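Below is one structure, written out as structure tokens; the observations come after it.
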Amino acid sequence: MGTKKDITSREDIEQLVAAFYEQVKTDDTIGFIFTDVVKINWEHHIPLIVDFWESILLDNPVYTKNAMEVHYVLNKKMPLQKAHFAKWVLLFCTAVDDLFEGKIAALAKTRAKSIAALMQFKMADANK
Ligand code: HEM
């Protein structure tokens, strides 16, 4: 239909991330990992994840950490399973589709899926 715009700014990514976490927080499969296992500080976490996506989607390298690292730590407390990744990807891609459409929106979904697949593989390997 072409009624939605593409992701073109940091503000767009902030909107996407807010919508994504709105769903994550109350999700039966993964919500507790953020609210109970990690007791995440959202004010600290949200700007980091926005940086991460800004680096990938807008080609602006503001995120300089290794995103895989925190998940290894998390995986030790709470082994991350296939079902967790599947739900994470579903919620992320749904948030993208609800708000945006276009090349960058498509790239967001492709990258989310490929990073999640890589992460799932690495975490499973770490559990052996
Ligand atoms: C099973 C799926 C996932 C779960 C349950 C999960 C959970 C979490 C949690 C709880 C944190 C906060 C850790 C902390 O601050 O101690 C975090 C951080 C983060 N996650 Fe995930 N995550 C998942 C998948 C992904 C994927 C697929 C990506 C990338 C596409 C991603 C990107 C990030 C980034 C960028 C951070 C911030 C890292 C930093 O502190 O610099 N996560 N995740």
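Atoms within each ligand, like the ligands themselves, are counted from 1 in listed order. This one's a predicted model, so the numbers in the text were calculated from it and none came from an experiment.
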Task: Geometric class of the W42/F34 ring pair [parallel <30°, tilted 30-60°, perpendicular >60°] - done: parallel
Open item on the list: With heavy-atom distances below 4.0 Å as the criterion, list the atoms of ligand 1 near H84.
Closed with: 1 (C)
Task: Beyond-backbone contact of H84 with T29, side-chain heavy atoms, under 4.5 angstrom - done: yes
Task: ligand 1 to K65 polar contact by distance, N or O atoms, under 3.5 Å - done: yes
Task: Numbering as shown, the atoms of ligand 1 that approach A116 to under 4.0 Å (heavy-atom distance) - done: 27 (C)
Task: atom 41 (O) of ligand 1 touched by protein heavy atom at under 4.0 Å - done: yes
Task: Within-4.5 Å side-chain heavy-atom neighbours: K65 and L48 - done: yes
Open item on the list: Heavy-atom distances under 4.0 Å decide this one: backbone, side chain, both or neither, for F92 against ligand 1?
Closed with: neither
Task: Nearest-contact summary for atom 16 (O) of ligand 1 - protein heavy atom, Å - done: V38 CG1, 3.7 Å
- [ ] Consider only side-chain heavy atoms of I, L, V, M, F, W and Y, link residues closer than 4.5 Å, and tell whether V89 and V70 are in one cluster.
- [x] no
TODO: Using a strict 4.0 Å cut-off to heavy atoms of W53, name the atoms of ligand 1 that fall inside it.
DONE: 30 (C)
Open item on the list: Once you measure the plane-to-plane angle for W53 and F92, does it fall in the parallel (<30°), tilted (30-60°) or perpendicular (>60°) bin?
Closed with: parallel
Open item on the list: Show me which atoms of ligand 1 lie under 4.0 Å from any heavy atom of L48.
Closed with: 39 (C), 40 (O), 41 (O)
Task: Heavy-atom closest pair, residues I7 and A108 - done: CD1-CB, 4.3 Å
Open item on the list: Only heavy atoms of I40, strictly under 4.0 Å: list the atoms of ligand 1 that pass.
Closed with: 12 (C)
Open item on the list: Evaluate H45 for polar contact with ligand 1, using N/O atom pairs at a separation under 3.5 Å.
Closed with: no
Task: Those atoms of ligand 1 less than 4.0 Å from some heavy atom in I115 - done: 29 (C), 30 (C)
- [ ] Number the atoms of ligand 1 from 1 as they appear, then name those within less than 4.0 Å of a heavy atom of F52, with their elements.
- [x] 29 (C), 30 (C), 35 (C)
- [ ] Can you pull out the closest protein heavy atom to atom 9 (C) of ligand 1? Residue, atom name and distance to 0.1 Å, please.
- [x] F34 CE2, 3.7 Å
Open item on the list: Is any side-chain heavy atom of M68 closer than 4.5 Å to one of L118?
Closed with: yes
Open item on the list: Within a 6.0 Å radius of atom OH on Y72, are there more than 12 heavy atoms belonging to other residues, nucleotides or ligands?
Closed with: yes
Open item on the list: Quick check on contacts: which atoms of ligand 1 are under 4.0 angstrom from a heavy atom of Y63?
Closed with: 38 (C), 39 (C), 41 (O)
Task: Neighbouring protein N, O or S atoms of atom 21 (Fe) of ligand 1 [cut-off: under 2.8 Å, no waters] - done: H71 NE2
Open item on the list: On a heavy-atom basis, which atom in D12 and which in D6 lie closest, and how many Å separate them?
Closed with: OD2-O, 3.6 Å
TODO: Dump the intermediate steps for salt bridge (Lys or Arg N to Asp or Glu O under 4.0 Å) on K109 and D97, then the final yes or no.
DONE: CA-CA 9 Å; K109 292 185 283 180; D97 287 337; 2.6 Å; yes
Open item on the list: Test your reading of the model: is there a side-chain donor-acceptor pair from E14 to the backbone of V50, 3.5 Å cut-off?
Closed with: no
Task: Heavy-atom pair with the smallest gap, counting every atom of I40 and H45 - done: CD1-CG, 3.3 Å
- [ ] Identify the two heavy atoms, one from I49 and one from V17, that lie closest to each other, and give their separation to 0.1 Å.
- [x] CG2-CG1, 3.5 Å
